[in-house]
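Written below as structure tokens is the structure these notes are about.
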Amino acid sequence: MAGSSEEAPDHGRGVVIMDDWPGYDLNLFTYPQHYYGDLEYVLIPHGIIVDRTERLAKDIVKDIGYCDIMVLCVLKGGYKFCADLVEHLKNISRNSDRFISMKVDFIRLKSYKNVLIVEDVVGTGRTMKALLSSIEKYKPNMVKVASLLVKRTPRSGGFRPDYAGFEIPNLFVVGYALDYNEYFRDLNHICVINEKGKEKYRV
Ligand code: IMP
Ligand code: MG
């Protein structure tokens with residue numbers, strides 16, 4: 001029956017945001033006054049990010065529950081997603097018999113056994129490939145990658161995370177810890193920056 005299945009409709013891609021998605025008008029939400037005039041629109045509101053993250057946590061527990069994992073947060077952009085994902089994993093773990101025991105670290109290479117890498121966005125995939133190859137040297141039992149966003153870009157090398165929150169158009173996005181020259185990490189929603197914003201915070 002439609003809607004009764006626990007299977008994600010497309011486990012690999014996450015929520016797919018199409019190229020013609022106009023986003024939400026900024027005035028429908030609240031955001032810091034110091035960014036007034038610098039943004040184009042809201043691509044993904046904060047509440048939807050958190051709701052999607054809750055489901056990713058459920059998928060992760062279903063796949064790799066009953067083990068000790070090292071959650072490896074890729075700084076700085078991954079910190080919000082990582083913190084929210086870990087909160088949801090803890091909630092599930094506390095309230096069910098499928099539990100995960102977790103330690104959290106911030107990209108510091110040591111010998112890890114079961115690793116969940118938590119990243120903000122996969123673009124070309126080059127950053128993640130380089131990170132995975134440096135982790136492989138330590139011969140972990142298991143390495144999984146969770147990325148909040150995956151961009152549809154012609155420059156993609158084809159890397160796909162094991163868990164993807166949203167597949168987005170080839171746009172530069174900010175907010176929810178993603179930055180433009182260190183700005184906009186303090187914005188809750190994931191937004192598209194406008195020309196004025198780019199100019200204002202250009203280095
Ligand atoms: P990749 O190596 O092309 O996959 O790029 C991934 C890295 O670039 C991410 O870890 C981010 O730090 C950064 N990045 C890529 N796209 C964006 C964006 O739209 N906003 C903010 N940072 C980005
Ligand atoms: Mg990153």
Side-chain angles (χ1 to χ4, degrees), residues 12-24 26 29 31-32 34-35 38-46 48-50 52-53 56 70-86 104-109 115-136 143-203:
R13 295 174 74 190
V15 175
V16 178
I17 299 175
M18 303 306 286
D19 287 344
D20 60 359
W21 166 237
Y24 298 95
L26 283 152
F29 299 94
Y31 62 106
H34 47 276
Y35 295 135
D38 303 333
L39 298 163
E40 199 65 41
Y41 57 87
V42 175
L43 184 73
I44 315 171
H46 181 251
I48 297 179
I49 300 168
V50 175
R52 175 69 186 131
T53 304
L56 288 177
M70 176 59 78
V71 177
L72 218 50
C73 173
V74 184
L75 290 174
K76 299 175 189 172
Y79 95 86
K80 282 291 295 169
F81 177 46
C82 188
D84 287 344
L85 186 64
V86 166
V104 180
D105 210 339
F106 301 91
I107 298 303
R108 208 181 319 150
L109 292 178
V115 186
L116 176 67
I117 298 176
V118 181
E119 168 70 307
D120 52 356
V121 48
V122 171
T124 62
R126 264 187 235 122
T127 306
M128 198 40 69
K129 273 202 179 136
L131 184 60
L132 285 171
S133 71
S134 53
I135 288 173
E136 286 305 330
V143 182
K144 300 266 190 192
V145 177
S147 184
L148 178 64
L149 309 174
V150 179
K151 271 190 206 184
R152 275 190 306 277
T153 160
R155 292 168 56 235
S156 165
F159 175 80
R160 288 254 160 213
D162 299 286
Y163 306 97
F166 300 84
E167 185 188 282
I168 65 167
N170 192 15
L171 296 165
F172 191 82
V173 293
V174 293
Y176 194 68
L178 282 86
D179 75 307
Y180 173 70
N181 296 330
E182 297 300 323
Y183 289 92
F184 300 102
R185 292 197 200 275
D186 56 341
L187 174 71
N188 275 346
H189 317 290
I190 290 180
C191 295
V192 177
I193 187 171
N194 66 17
E195 283 309 315
K196 188 168 160 271
K198 278 187 197 157
E199 195 48 51
K200 185 166 162 190
Y201 299 110
R202 197 184 299 282
V203 283

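We number each residue from 1, following the sequence as shown. Below, all heavy atoms of this structure are taken into account, side chains as well, without hydrogens, waters or symmetry copies. Counting starts at 1 for both ligands and their atoms, following the listed order.
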* Structure fact -> Looking at Val121, Val173, Asp120, the heavy atom closest to atom 23 (C) of ligand 1 belongs to Val121
* Structure fact -> At under 4.0 Å between heavy atoms, what of Val174 touches ligand 1? The answer is neither
* **Mode of Arg155 contact toward ligand 1 - side chain, backbone, both, neither (heavy atoms, under 4.0 Å)** => neither
* Asked: Can you find an N/O atom of Val122 closer than 3.5 Å to an N/O atom of ligand 1?
  -> no
Look at the side chain of [X] and the backbone N and O of [Y], then say whether any donor-acceptor pair between them is shorter than 3.5 Å.
X: Arg152; Y: Ile17; value: yes
X: His189; Y: Ile44; value: no
X: Arg52; Y: Gly165; value: yes

Using heavy atoms and a 4.0 Å limit, tell me yes or no: is [X] in contact with ligand 1?
X: Lys151; result: yes
X: Gly77; result: no
X: Leu171; result: yes

* Test Tyr35 against every option in Phe29, Phe184, Tyr183 by the ring-ring contact (aromatic ring centres under 6.0 Å, His included) rule and name the one that passes. => Phe184
Using a strict cut-off of 4.0 Å, indicate which atoms of ligand 1 neighbour a heavy atom of [X].
X: Arg126; answer: 2 (O), 4 (O)
X: Gly125; answer: 1 (P), 3 (O), 4 (O)
X: Thr127; answer: 1 (P), 2 (O), 5 (O), 6 (C), 7 (C)
X: Phe172; answer: 17 (C), 18 (C), 19 (O), 20 (N), 21 (C)
X: Asp179; answer: 21 (C)
X: Thr124; answer: 1 (P), 2 (O), 3 (O), 4 (O)

* Got a sec: does the OH of Tyr41 have more than 12 other heavy atoms crowding it under 6.0 Å? -> yes
* Structure fact -> Residues at least two apart in sequence or cross-chain that pass salt bridge (charged side-chain N to carboxylate O under 4.0 Å, His left out) with Glu136, listed by chain then number, are none
* Partners meeting salt bridge (charged side-chain N to carboxylate O under 4.0 Å, His left out) with Arg202 (sequence neighbours left out) -> Glu199
* To do: Could you tell me whether Glu40 and Lys198 have a side-chain N and a carboxylate O separated by less than 4.0 Å?
  => no
* Asked: Going through the checks in order, is the side chain to side chain donor-acceptor pair (under 3.5 Å) test met by Asp84 and Tyr176?
  -> CA-CA 11 Å; Asp84 287 344; Tyr176 194 68; 2.5 Å; yes
